[in-house]
2 protein chains.
Amino acid sequence: MTTNSTAADRFEIGAPHRDLLDQVLDKWSLLVLNELCERPMRFSELRRIIPAVTQKSLTATLRRLERNGIIRRVLLSTRPVAVEYSITPLGKTLRPPVEVILDWAAEQMPLIEQARRRYDDELDRPVAEQLR
Amino acid sequence: MTTNSTAADRFEIGAPHRDLLDQVLDKWSLLVLNELCERPMRFSELRRIIPAVTQKSLTATLRRLERNGIIRRVLLSTRPVAVEYSITPLGKTLRPPVEVILDWAAEQMPLIEQARRRYDDELDRPVAEQLR
DNA sequence: CTGCATCCAACTAGATACTG
DNA sequence: CAGTATCTAGTTGGATGCAG
């Protein structure tokens, strides 16, 4: 029998969360979320506002967020077709946690960059200690 | 001049954050972080506790976290070599935000799964509305 | 024990062309 | 306008063998 509970347990527990976070906190989702929290938007509006995203990736992102109940997709019967995306109540609950993380990132960024520079500098002189 | 500030601004601002989150909230980092917040650990301990990670990925994760100042790597001069990883003060500040996100995930998971089922079910009968 | 180097399979994402 | 379909280049991650 497996007696260790520290190990696999956490991984089993973490897996669905991991999966969810991957779907909801990925590269473009935060930006889309951000915009749709302001107001509902059309597909082409989102493209204009997030120029770096390709149409393919934006479609994928919107589909994924829609599937997870974070955003809503409404097809407007006009000519030509128009589609409006908007945030759902569930999606709104995601905002505060995301803000917390972003605040952390903003706050610690200086320390992070300092740590990066230090690390990278050390790699530049890997034999330094042998010289003295 | 560019009069719209809603657009590119956020993306410019968001990019470094995005980058940071990718490095720190990725697949294995949360698990490693979780363990090292308990106590310092050796490389092989981490492997044992997180069986699903390969040696390559674990090494990459540890390097990345070390570079960002989240964890510390101490080489113990024993025979054979031993390496101890531990959390840094900066790393500890990452815990609370991560907890917030995980709590959100845990809390909303039922709604998320419900949304997923609904979405998937609708795709199973794409012509349903045409039948009545 | 800890980790680097290499090869390779799988997935990702961009570019492009086409449709209701 | 809002996508789908396809092809392809680049990236990720596992498996394996070797080394300090």
Side-chain angles (χ1 to χ4, degrees), chain A residues 11 14-15 18-19 21-32 35-36 40-67 71-86 119 122-123 126-127 129-130, chain B residues 11 14-15 18-19 21-32 35-36 40-67 71-86 119 122-123 126-127 129-130:
Chain A
F11 184 72
R18 201 33 290 149
D19 175 55
L21 297 189
D22 283 342
Q23 300 211 16
V24 151
L25 297 184
D26 71 284
K27 191 174 182 183
W28 304 116
S29 291
L30 292 188
L31 291 169
V32 169
E35 298 306 326
L36 292 187
M41 282 194 191
R42 303 262 300 279
F43 186 85
S44 47
E45 285 185 280
L46 286 168
R47 284 208 70 181
R48 218 174 311 120
I49 287 186
I50 312 173
V53 72
T54 63
Q55 155 266 45
K56 181 181 174 181
S57 297
L58 182 56
T59 300
T61 299
L62 292 170
R63 287 285 179 282
R64 200 167 43 240
L65 290 178
E66 185 196 2
R67 176 168 184 268
I71 67 174
R72 191 182 295 114
R73 179 181 182 274
V74 176
L75 181 68
L76 306 173
S77 303
T78 55
R79 284 293 327 226
V81 231
V83 178
E84 190 181 76
Y85 292 94
S86 56
Y119 184 91
E122 280 169 12
L123 287 192
V127 287
E129 59 226 8
Q130 297 180 22
Chain B
F11 185 71
R18 204 27 295 147
D19 175 55
L21 297 189
D22 283 342
Q23 300 211 17
V24 150
L25 297 184
D26 70 284
K27 190 174 181 183
W28 303 116
S29 291
L30 292 189
L31 291 169
V32 168
E35 298 305 327
L36 292 187
M41 282 193 191
R42 301 262 302 280
F43 187 84
S44 48
E45 286 186 279
L46 287 168
R47 285 208 69 180
R48 218 173 313 119
I49 288 184
I50 313 172
V53 73
T54 64
Q55 166 273 348
K56 182 182 175 181
S57 297
L58 181 56
T59 299
T61 300
L62 292 170
R63 287 287 177 281
R64 199 167 44 239
L65 290 179
E66 186 197 0
R67 177 168 185 269
I71 68 174
R72 192 182 293 114
R73 177 181 183 272
V74 176
L75 180 69
L76 305 174
S77 303
T78 56
R79 286 290 327 225
V81 232
V83 179
E84 190 182 74
Y85 293 93
S86 56
Y119 185 91
E122 279 170 11
L123 287 192
V127 288
E129 60 227 8
Q130 297 181 20

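We name chains A, B, ... by the order of the sequence lines, and we start the count at 1 in each one.
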Looking at [X], does any N or O in its side chain come under 4.0 Å of the phosphate oxygens OP1/OP2 on [N]?
X     : N      : value
A/R73 : D/dG3  : yes
A/R42 : D/dC1  : no
B/R63 : C/dG3  : yes
B/T54 : D/dG13 : no

Selected nucleotide, minimal atom distance to [X] side chain, candidates [options]:
X     : options               : result
B/S57 : C/dT2, D/dC1, D/dG13  : D/dG13
B/W28 : D/dT4, D/dC1, D/dG14  : D/dG14
B/Y85 : C/dG14, D/dG14, C/dG3 : C/dG3
A/F43 : C/dG14, C/dC1, D/dG3  : D/dG3

*asked:* Between A/V81 and B/V81, which residue's closest nucleotide on DNA chain D lies nearer the 5′ terminus?
replied: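 The answer here is A/V81.
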
Using whole Å, what does the distance between atom [atom2] of nucleotide [N] and atom [atom1] of [X] come to?
X     : N      : atom1 : atom2 : result
B/E84 : C/dG3  : CD    : P     : 12 Å
A/K27 : D/dT12 : NZ    : P     : 11 Å
A/L62 : D/dC1  : CG    : C1'   : 14 Å
A/L58 : C/dG14 : CG    : P     : 11 Å
A/K56 : D/dA2  : NZ    : P     : 20 Å
B/L75 : C/dG3  : CG    : P     : 8 Å
A/L76 : D/dG3  : CG    : P     : 11 Å

*Do you know the tightest heavy-atom contact between B/R18 and A/D26?*
NH1-O, 3.2 Å

_Donor-acceptor pair under 3.5 Å, A/Q55 side chain vs C/dT16 base_ =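 Checked by distance alone, the answer is no.
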
*asked:* When you measure from the side chain of B/T61 to the backbone of B/S57, do you find a donor-acceptor pair of N or O atoms at a distance under 3.5 Å?
replied: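 Side chain of B/T61 to backbone of B/S57: a pair is present.
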
*Any donor and acceptor pair, going by atom type alone, linking the side chain of B/S29 with main-chain N or O of B/L25 inside 3.5 Å?*
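Side chain of B/S29 to backbone of B/L25, a donor-acceptor pair under 3.5 Å: no, none is there.
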
_Using a heavy-atom cut-off of 4.0 Å across all strands, would you classify A/R79 as base, sugar-phosphate, or nothing?_
nothing

*asked:* Just to be sure I understand the rule, does A/V83 reach a base, reach only the sugar-phosphate, or reach nothing, if contact means heavy atoms closer than 4.0 Å?
replied: sugar-phosphate

*When rounded to the nearest 0.5 angstrom, what is the spacing between OG1 in A/T54 and CZ in A/R47?*
7.0 Å

